Amino acid sequence: MPQKICPYFGKNEDLCDVGCGYISTHDVNMIIRYCSSDFCSCIKYQELADRLPAGIIPCAH
């Protein structure tokens, strides 16, 4: 079963600050649009997945 929540969500402000600390209205929109349902389409997720070591579950293509 594919992962439903972005593996970077709320983990590290230096990588992706969505879900960390204060949550703005922009963050809420990002969480709804990408983090909780379609993180494979998120530009930030794609950038992080490309440059970080293996260990994060890749998106199925």
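Because only heavy atoms are used, hydrogens play no part in the values below, and waters and symmetry mates are left out as well, while side chains stay in. Note that the structure is predicted; figures quoted are calculated from it, not measured.
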**Message:** Would you compute the distance between atom SG of C16 and atom CE of M30 and round it to the nearest 0.5 angstrom?
**Reply:** 7.0 Å

**Partners meeting salt bridge (charged side-chain N to carboxylate O under 4.0 Å, His left out) with E13 (sequence neighbours left out)** = none

**Request:** Please report the shortest heavy-atom distance between F39 and P7, naming the atom on each side.
**Result:** CE1-CD, 3.7 Å

**Item:** Within residues 29-50 or reaching into it, pairs that qualify as salt bridge (charged side-chain N to carboxylate O under 4.0 Å, His left out) - sequence neighbours excluded
**Value:** K44-E47, E47-R51

**Asked** With a 4.5 Å limit on heavy-atom distance, are the side chains of Y45 and C35 in contact?
**Response** no

Solution key, residues 19-28 side-chain donor-acceptor pairs under 3.5 Å, sequence neighbours excluded:
| from | atom 1 | to | atom 2 | distance (Å) |
| --- | --- | --- | --- | --- |
| S24 | OG | H26 | N | 3.3 |
| S24 | OG | D27 | N | 3.1 |
| D27 | OD2 | S24 | N | 3.3 |

**Message:** Please determine whether side chain to side chain contact (heavy atoms under 4.5 Å, CB included) holds for the pair F9 and V18, giving the CA-CA distance in whole Å, both sets of side-chain angles, and the decisive distance to 0.1 Å.
**Reply:** CA-CA 6 Å; F9 176 74; V18 176; 4.2 Å; yes

